[in-house]
S.K.: 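Quick one: the structure is below, questions incoming.
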2 protein chains.
Amino acid sequence: MTEITKLQSACSQCNLQELCLPVGLSETELSVVDNLVGERRKIARGEAIFRSGDRFTAIYAVKLGFFKTEVLSEDGRHQVTSFYMTGEVLGMDGISAETHHCDAIALEDSEVCLIPFHELETISVKVPTLQRHLHRVMSREIVRDQGMMMMLGAMHAEERVIAFLLNLSQRYAARGYAARDFNLRMTREEIGSYLGLKLETVSRTFSHLQEEGLLQVEKKHIRLVDTVRLKKMLSQDRL
Amino acid sequence: MTEITKLQSACSQCNLQELCLPVGLSETELSVVDNLVGERRKIARGEAIFRSGDRFTAIYAVKLGFFKTEVLSEDGRHQVTSFYMTGEVLGMDGISAETHHCDAIALEDSEVCLIPFHELETISVKVPTLQRHLHRVMSREIVRDQGMMMMLGAMHAEERVIAFLLNLSQRYAARGYAARDFNLRMTREEIGSYLGLKLETVSRTFSHLQEEGLLQVEKKHIRLVDTVRLKKMLSQDRL
DNA sequence: CGCAATTTTGATTTTGATCAACTTCTGTGG
DNA sequence: CCACAGAAGTTGATCAAAATCAAAATTGCG
């Protein structure tokens with residue numbers, strides 16, 4: 001029984017390898033990683049992997065499910081800073097001060113693989129491929145955040161919503177899911193928080209894009225009807 | 001002559017150590033770093049260290065001067081994503097794709113220390129303290145970006161301007177400069193771009209805060225008159 | 001099933017953008 | 001060293017986008 005569990009949770013057996021792990025590890029390197037990534041943890045919908053202020057010990061690869069991270073300022077304000085889906089790695093905000101700076105909340109029943117960070121640092125000394133991969137994952141987060149700032153600082157409501165949907169679409173596609181047809185895991189309010197908009201604005205924008213025949217919205221289900229035109233609306237606007 | 005230049009550019013002799021390098025390196029470790037951080041490069045005002053699309057080879061520690069980074073989307077839009085001052089490290093956006101995703105422009109005549117990244121990776125295998133420091137620096141950038149998103153997504157114009165000034169103040173203070181009295185290195189337009197506001201709004205907000213007796217503005221010179229109240233305005237608003 | 005949470009839609013207000021005019025500053029060449 | 005052109009900054013009037021307030025409809029837990 002424990003045998004089976006172990007086998008299932010081994011990175012070498014995981015079908016997400018390409019996403020959270022570097023490709024091209026040797027057999028022996030893979031087994032090192034298998035030993036590193038020990039625990040797998042179930043997180044029920046609404047529960048947190050970690051919260052702001054928690055001591056940082058590990059980063060987490062999403063094995064299954066969907067997460068949001070949100071930061072909260074001293075006053076009541078809070079903002080969703082990111083959504084994470086299968087194969088993506090979260091928690092790297094905690095490295096700098098050994099403390100997490102945001103809450104990571106499951107938007108559906110989920111499962112994460114726990115990667116103890118200090119062990120990862122130790123091991124990556126011996127497996128340079130792993131070290132480079134870690135740096136890339138962190139850098140990718142930086143680049144993504146820059147894009148986000150661009151969006152929040154320079155785009156209008158409609159453009160933000162379109163960019164959000166196209167980004168989701170592209171990430172689903174990368175995972176082999178339908179790119180044009182998917183279910184939102186988050187509420188309008190969470191989308192709004194992420195995009196720096198109010199939930200009413202998100203709702204109105206959905207309705208408007210539907211009227212224009214660009215997409216179909218039915219509660220949480222989205223169908224992108226005209227991706228070409230949607231993409232054009234992103235780059236063309238404000239020329 | 002070359003002797004002197006070498007000595008001057010050696011990290012072990014640099015008065016910024018605490019900022020861009022880890023504390024507590026041994027003599028031998030420091031000399032390793034000295035060899036790594038080879039070149040020092042002067043960047044004239046208005047010139048770029050690197051531009052979007054440039055091949056990534058190194059990260060850069062600001063030895064002297066002041067920089068902005070800005071991202072540009074396919075259409076003409078561009079946005080300032082960060083300002084960097086003495087002792088801060090920039091260029092880490094390039095790691096993920098071996099290509100830079102933004103322009104890094106000097107706002108005054110400046111000097112940077114060039115840290116070849118692949119060599120840094122190699123060496124950090126032998127100097128774990130250095131590896132950990134690198135990870136912290138990268139993580140700090142992620143945390144900073146999250147704060148920025150919060151600001152762009154959840155704050156009003158006046159709050160953004162205040163947050164911006166207080167952040168500058170705090171960074172100047174950390175470098176031993178006056179915290180309440182400093183010169184802006186960037187234009188109103190650049191501040192606006194960074195804060196997701198128009199330059200007129202920045203100007204008006206300055207004027208308004210001055211009328212309120214919270215600060216004094218004279219062209220590029222800022223004096224924070226009532227930091228206590230300014231801080232309060234940040235956290236109290238929207239309660 | 002029932003109630004709280006979520007979503008949609010409408011009316012109104014507010015914030016910051018836009019347009020415009022004018023001033024000040026900076027740096028350059030005569 | 002001054003004149004001048006272009007850049008940068010201020011201020012005012014108006015406009016537009018998104019927020020806010022409000023009410024009704026729908027959904028999905030427990």
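Lettering of chains follows the sequences in order, A, B, ..., and the numbering in each one begins at 1.
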S.K.: Can you measure B:L199 atom CG to C:dA20 atom P for me and round it to whole angstrom units?
M.R.: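 Taking CG of B:L199 and P of C:dA20, I get 15 Å after rounding.
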
S.K.: Over how many whole Å does the gap from A:E189 atom CD to C:dA4 atom P extend?
M.R.: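 The distance from CD of A:E189 to P of C:dA4 comes to 18 Å, rounded to the nearest Å.
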
S.K.: Give a yes/no on whether any side-chain N or O of B:K219 is located under 4.0 angstrom from OP1 or OP2 of C:dT26.
M.R.: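 So the side chain of B:K219 is within the cut-off, an N or O lying under 4.0 Å from OP1 or OP2 of C:dT26.
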
S.K.: Measure the distance from CG on A:L195 to P on D:dA17 and round it to the nearest whole Å.
M.R.: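 After rounding, the gap between these two atoms is 18 Å.
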
S.K.: Side chains of B:R45 and B:S110 only: does a donor on one sit below 3.5 Å from an acceptor on the other?
M.R.: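 Side-chain D/A pair, B:R45 to B:S110: absent.
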
S.K.: Is there a side-chain polar atom (N or O) of B:K198 under 4.0 Å from OP1 or OP2 of C:dT15?
M.R.: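 For C:dT15, neither OP1 nor OP2 has a side-chain N or O of B:K198 closer than 4.0 Å.
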
S.K.: What are the two closest non-hydrogen atoms of A:Q79 and B:M149, and how far apart are they?
M.R.: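 Looking at all heavy atoms of both residues, the shortest contact is NE2-O, 3.5 Å.
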
S.K.: Roughly how many Å is it from CD in A:E200 to P in D:dA25, rounded to a whole number?
M.R.: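 The answer, rounded to whole Å, is 18 Å.
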
S.K.: Are the side chains of B:I49 and B:L90 in touch, meaning some heavy atoms are under 4.5 Å apart?
M.R.: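 The answer is yes; the side chains approach within 4.5 Å.
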
S.K.: Rounded to the nearest 0.5 Å, how far does CZ of B:R229 lie from CG of B:L215?
M.R.: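 Between atom CG of B:L215 and atom CZ of B:R229 there are 10.0 Å.
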
S.K.: At a heavy-atom distance below 4.0 Å, what parts of residues 201-215 of chain B sit against DNA chain D?
M.R.: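 Nucleic-acid contacts, sorted: B:S203, B:R204, B:S207.
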
S.K.: Regarding B:L197, tell me which of base, sugar-phosphate or nothing describes its non-hydrogen contacts under 4.0 Å with the strands shown.
M.R.: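 Counting heavy atoms under 4.0 Å across all strands, the contact made by B:L197 is with sugar-phosphate only.
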
S.K.: Send over the distance from B:H156 NE2 to C:dT14 P, rounded to a whole Å.
M.R.: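 From B:H156 NE2 to C:dT14 P: 12 Å.
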
S.K.: Roughly how many Å is it from CE in B:M155 to P in C:dG16, rounded to a whole number?
M.R.: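 It is 13 Å, rounded to the nearest whole Å.
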
S.K.: Would you classify A:G196 as touching base, sugar-phosphate or nothing, given that sugar-phosphate means primed atoms plus P, OP1 and OP2, and contacts are heavy atoms under 4.0 Å?
M.R.: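 Sugar-phosphate contact only.
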
S.K.: Using the benzene-type ring in the case of Trp, are the ring centres of A:F50 and A:Y60 under 6.0 Å apart?
M.R.: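 Judged by ring-centre distance (under 6.0 Å), A:F50 and A:Y60 do meet the cut-off.
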
S.K.: Is any side-chain N or O of A:K220 closer than 4.0 Å to OP1 or OP2 of D:dT27?
M.R.: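 No, A:K220 has no side-chain N/O under 4.0 Å of OP1/OP2 on D:dT27.
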
S.K.: Ring centroid separation for B:F66 and B:Y84, is it under 6.0 angstrom?
M.R.: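 That pair fails the under 6.0 Å test.
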
S.K.: Of the nucleotides D:dG9, C:dT6, C:dG16, which one has an atom closest to the side chain of A:T187?
M.R.: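 It is C:dT6.
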
S.K.: Please state how far atom CD in B:E218 lies from atom P in D:dA8, giving the value in whole angstrom units.
M.R.: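 Nearest whole value for this atom pair: 19 Å.
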
S.K.: Between B:R188 and A:A157, which is nearer to the 5' end of DNA chain D once each is assigned its nearest nucleotide?
M.R.: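 Closer to the 5' end of DNA chain D: B:R188.
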
S.K.: Taking the six-membered ring for Trp and the full ring for Phe, Tyr or His, determine whether the centres of B:F182 and B:Y177 are under 6.0 Å apart.
M.R.: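 Between B:F182 and B:Y177, the centre distance exceeds or equals 6.0 Å.
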
S.K.: Given 3.5 Å as the limit, does a donor-acceptor pair link the side chain of B:E88 with the main chain of B:M85, or not?
M.R.: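 It does hold such a pair.
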
S.K.: What is the distance, rounded to the nearest whole Å, between atom CG of A:D109 and atom P of D:dC29?
M.R.: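 After rounding, the reported distance stands at 10 Å.
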
S.K.: Minimum heavy-atom separation for B:S52 to B:L72, with atom names?
M.R.: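 Closest pair (atom of B:S52, atom of B:L72, distance): CB-CD1, 4.2 Å.
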
S.K.: Looking at B:I191, B:L197, B:L166, B:L230, which hits side chain to side chain contact (heavy atoms under 4.5 Å, CB included) with B:V161?
M.R.: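 Exactly one option meets the side chain to side chain contact (heavy atoms under 4.5 Å, CB included) with B:V161, and it is B:L197.
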
S.K.: Please give the angle, rounded to 10 degrees, between the axes at the start and the end of the helix from C:dC1-D:dG30 to C:dG30-D:dC1, where five pairs define each axis.
M.R.: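 Roughly 50° between the end axes, to the nearest 10°.
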
S.K.: With a non-hydrogen cut-off below 4.0 angstrom, is B:R160 in contact with a base, only sugar-phosphate, or nothing?
M.R.: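 If one applies the 4.0 Å heavy-atom cut-off, B:R160 turns out to touch nothing in the nucleic acid.
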
